[in-house]
Undergrad: 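Below: one structure in structure tokens.
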There are 2 protein chains.
Amino acid sequence: MALRHAVLAALLHGEYSGYQLAKAFDIGVANFWHALPQQLYAELAKLEKDGLITGRQVVQETRPNKRLFQVTDAGFAELETFAAAVSKPSFIRDDLLVKIHAADRIDTSPLIEQLDERASAAEARAGLLTSLLDTMRGVLDEEEYLRTGERIGPYLTCLRGLSFEREHRAWCLRTAAVLRERRQARAER
Amino acid sequence: MALRHAVLAALLHGEYSGYQLAKAFDIGVANFWHALPQQLYAELAKLEKDGLITGRQVVQETRPNKRLFQVTDAGFAELETFAAAVSKPSFIRDDLLVKIHAADRIDTSPLIEQLDERASAAEARAGLLTSLLDTMRGVLDEEEYLRTGERIGPYLTCLRGLSFEREHRAWCLRTAAVLRERRQARAER
DNA sequence: GCATCCTACTCAAGAAACTGACTAATCTCT
DNA sequence: AGAGATTAGTCAGTTTCTTGAGTAGGATGC
């Protein structure tokens with residue numbers, strides 16, 4: 001029920017095409033929502049039909065034409081209503097954790113590999129988010145930015161994403177170490 | 001595609017009925033997967049049909065009868081195959097973060113309230129997970145348990161959940177503080 | 001003693017998400 | 001010069017998830 005609101009929130013900070021929105025979802029919005037391009041195109045069409053956003057055609061020479069969307073007053077009102085309503089509990093879904101949950105009964109070698117990969121991926125994303133935060137902050141330091149900066153919303157959600165990635169990385173590395181040690185111990189018995 | 005594997009992994013550590021499984025999903029498994037009871041009953045039926053689990057009727061005097069399920073050899077094999085395959089990237093989905101992303105453009109008062117509620121909820125869940133970990137660990141200390149304990153899988157996923165709840169709580173409190181300060185500053189202008 | 005909660009499930013309808021393929025031009029790298 | 005990536009989408013089919021209601025007896029609380 002709230003992909004529509006995630007899209008509205010993402011469109012608050014400027015005009016986006018569906019394609020650009022898909023990129024934004026891969027970086028910033030991915031910290032709290034995940035959606036495929038097909039879903040976004042469909043949702044943009046619905047939002048426009050419902051008058052919560054408006055699109056305008058932009059003709060390009062060297063690229064295919066595109067449609068840029070911005071939030072209407074009705075769209076702002078919708079977001080306001082949404083923000084005041086109770087939130088659903090957050091949820092995570094993670095394949096790898098399912099596998100780790102079964103670690104007692106299955107071969108852990110592929111798990112260790114995947115944990116290492118995950119740790120690297122988390123590190124990479126953490127780096128990306130760090131530089132994104134740097135860019136948003138500009139010359140201000142973090143305290144100052146949190147007090148006075150514009151676009152505080154995306155900044156705060158990126159902070160959440162960064163903290164998540166760092167914790168995730170730390171857990172992956174520790175878990176991989178634990179499983180390695182136990183594998184070794186079993187081999188020596 | 002992997003609710004089935006989450007169910008299999010949850011059933012590894014003893015027999016469960018659908019109803020008990022739903023409870024387990026609210027506590028331990030919720031750290032990495034979320035599902036409603038209806039989904040679980042449906043999935044159990046499918047898993048049984050596919051021969052990955054078997055159920056046996058347990059007649060009860062004072063309670064309605066129930067069916068307890070356990071993983072078959074085919075089920076173990078299926079989990080093994082799943083564990084060796086590549087994992088999908090993990091994903092989060094969080095209403096509240098959507099709202100925070102829009103914090104520049106909407107009334108932040110309901111957000112501050114919801115952040116406080118979330119922080120309390122996260123604290124409560126962290127407490128729950130801490131005592132769950134205590135119980136699993138028994139007399140051993142953590143290092144010792146991680147080296148030699150049984151049921152290391154659930155222990156490790158609970159550790160992930162605990163770390164998540166703690167981080168989530170810290171972020172909620174900090175974000176609420178930031179929004180409060182900015183609201184105050186705006187009121188004084 | 002009455003209401004509500006808990007155990008234990010089932011069913012059906014509708015909304016949302018995922019999979020995978022397809023178009024079509026341009027730009028980049030080798 | 002050709003392969004592959006990038007921009008900018010669209011479409012259809014299937015699976016999965018959510019919403020909401022219903023059944024039924026025993027236990028618990030006020």
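Note that the structure is a prediction, hence the values are computed from the model and not measured. Chain letters run A, B, ... following the sequence lines, proteins first, then strands; residues in each count from 1.
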Undergrad: Would you say the rings of Tyr16(A) and Phe69(A) are close, in the sense that their centroids are separated by under 6.0 Å?
TA: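 Between Phe69(A) and Tyr16(A), the centre distance exceeds or equals 6.0 Å.
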
Undergrad: Taking any heavy-atom pair under 4.0 Å as a contact, classify Gln39(A): base, sugar-phosphate, or nothing.
TA: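 Touches sugar-phosphate only.
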
Undergrad: Figure out the CG/C1' separation between Leu44(A) and dG9(D), and round it to whole Å.
TA: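 For the pair Leu44(A) CG and dG9(D) C1', the rounded distance is 11 Å.
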
Undergrad: In whole angstrom, what separates His5(A)'s NE2 from dA16(C)'s C1'?
TA: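 Rounded to the whole Å, the gap is 15 Å.
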
Undergrad: If you assign each of Arg93(B) and Leu68(B) to its closest nucleotide in DNA chain C, which residue comes earlier from the 5' end?
TA: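 Nearest nucleotide further toward 5': that of Leu68(B).
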
Undergrad: Between Lys88(A) and dC17(D), is there a contact of a side-chain N or O with OP1 or OP2 at under 4.0 Å?
TA: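 False: Lys88(A) side-chain N/O out of range (4.0 Å or more) of dC17(D) OP1/OP2.
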
Undergrad: For the base of dG20(C), is there a side-chain donor-acceptor partner from Gln38(A) under 3.5 Å away?
TA: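 Answer is yes: a donor-acceptor pair is held.
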
Undergrad: More 5' along DNA chain C: Tyr41(B) or Phe91(B), using each one's nearest nucleotide?
TA: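 Closest to the 5' end, via its nearest nucleotide, is Tyr41(B).
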
Undergrad: Does a side-chain N or O of Thr62(B) approach OP1 or OP2 of dG25(D) to a distance below 4.0 Å, or not?
TA: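 For dG25(D), OP1/OP2 do not have a side-chain N/O of Thr62(B) under 4.0 Å.
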
Undergrad: May I have the distance from Glu43(B) (atom CD) to dC9(C) (atom C1'), rounded to whole angstrom?
TA: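 That distance rounds to 17 Å.
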
Undergrad: Taking only side-chain N and O atoms of Tyr19(B), does any of them lie within less than 4.0 angstrom of OP1 or OP2 on dC9(C)?
TA: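 For dC9(C), OP1/OP2 do not have a side-chain N/O of Tyr19(B) under 4.0 Å.
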
Undergrad: Does Ser17(A) have a side-chain nitrogen or oxygen under 4.0 Å from the phosphate oxygens OP1 or OP2 of dG9(D)?
TA: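 Result: yes.
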
Undergrad: Would you indicate whether the side-chain heavy atoms of Arg125(B) and Asn31(B) approach each other to under 4.5 Å?
TA: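 Yes, their side chains come closer than 4.5 Å.
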
Undergrad: Would you say a side-chain N or O of Lys66(A) is under 4.0 Å from OP1 or OP2 of dA25(C)?
TA: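 No, outside the criterion.
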
Undergrad: I want to verify a distance call: between dA8(D), dT19(C), dA8(C), whose nearest atom is closest to the Leu36(A) side chain?
TA: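 Nearest to the side-chain atoms of Leu36(A), counting from C-beta on, is dT19(C).
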
Undergrad: Quick one: Asn65(A) CG to dA25(C) C1', roughly how many Å, whole number?
TA: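 It works out to 11 Å between those atoms.
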
Undergrad: Would you find a donor on one side and an acceptor on the other, under 3.5 Å apart, between the side chain of Gln20(B) and the backbone of Leu68(B)?
TA: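 Between the backbone of Leu68(B) and the side chain of Gln20(B) there is no qualifying donor-acceptor contact (under 3.5 Å).
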
Undergrad: Might you point out which heavy atoms bring Ala119(A) and Leu173(A) nearest each other, and give the distance in Å?
TA: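 Scanning both residues, the minimum pair turns out to be CB-CD2, 3.6 Å.
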
Undergrad: Of Asp134(A), Asp141(A), Thr135(A), which meets side-chain hydrogen bond (donor to acceptor under 3.5 Å, both in side chains) against Arg137(A)?
TA: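 Testing each of Asp134(A), Asp141(A), Thr135(A) against Arg137(A), the sole residue satisfying side-chain hydrogen bond (donor to acceptor under 3.5 Å, both in side chains) is Asp134(A).
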
Undergrad: Any side-chain N or O of Gln60(B) less than 4.0 Å from the OP1 or OP2 oxygen of dA8(C)?
TA: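 Checking Gln60(B) against dA8(C): at least one side-chain N or O falls below 4.0 Å of OP1 or OP2.
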
Undergrad: Rounded to whole angstrom units, what separation is found between the CD atom of Gln57(A) and the C1' atom of dG9(D)?
TA: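 After rounding, the reported distance stands at 11 Å.
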
Undergrad: Check whether any side-chain nitrogen or oxygen of Lys23(B) sits under 4.0 Å from OP1 or OP2 of dT7(C), and answer yes or no.
TA: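 Indeed, a polar side-chain atom of Lys23(B) lies that close.
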
Undergrad: Of the options dC9(C), dA17(C), dA24(C), whose atoms approach the side-chain atoms of Trp33(A) most closely?
TA: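 In terms of side-chain proximity for Trp33(A), the closest of dC9(C), dA17(C), dA24(C) is dA17(C).
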
Undergrad: I need the CZ-P distance between Arg63(B) and dC9(C), as an integer number of Å.
TA: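 That distance rounds to 13 Å.
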
Undergrad: Any donor-acceptor pair under 3.5 Å linking the side chain of Thr157(A) with the backbone of His101(B)?
TA: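 No.
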
Undergrad: Given dC17(D), is OP1 or OP2 found less than 4.0 Å from the side-chain N or O atoms of His34(B)?
TA: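 Answer is no, no contact under 4.0 Å.
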
Undergrad: Using whole Å, what does the distance between atom P of nucleotide dT16(D) and atom CG of Leu40(B) come to?
TA: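 Spelled out: CG on Leu40(B) to P on dT16(D) is 14 Å.
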
Undergrad: Rounded off to whole Å, could you give me the CD-to-P distance for the Glu61(B) and dA24(D) pair?
TA: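 Computing the Glu61(B):CD to dA24(D):P distance gives 21 Å.
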
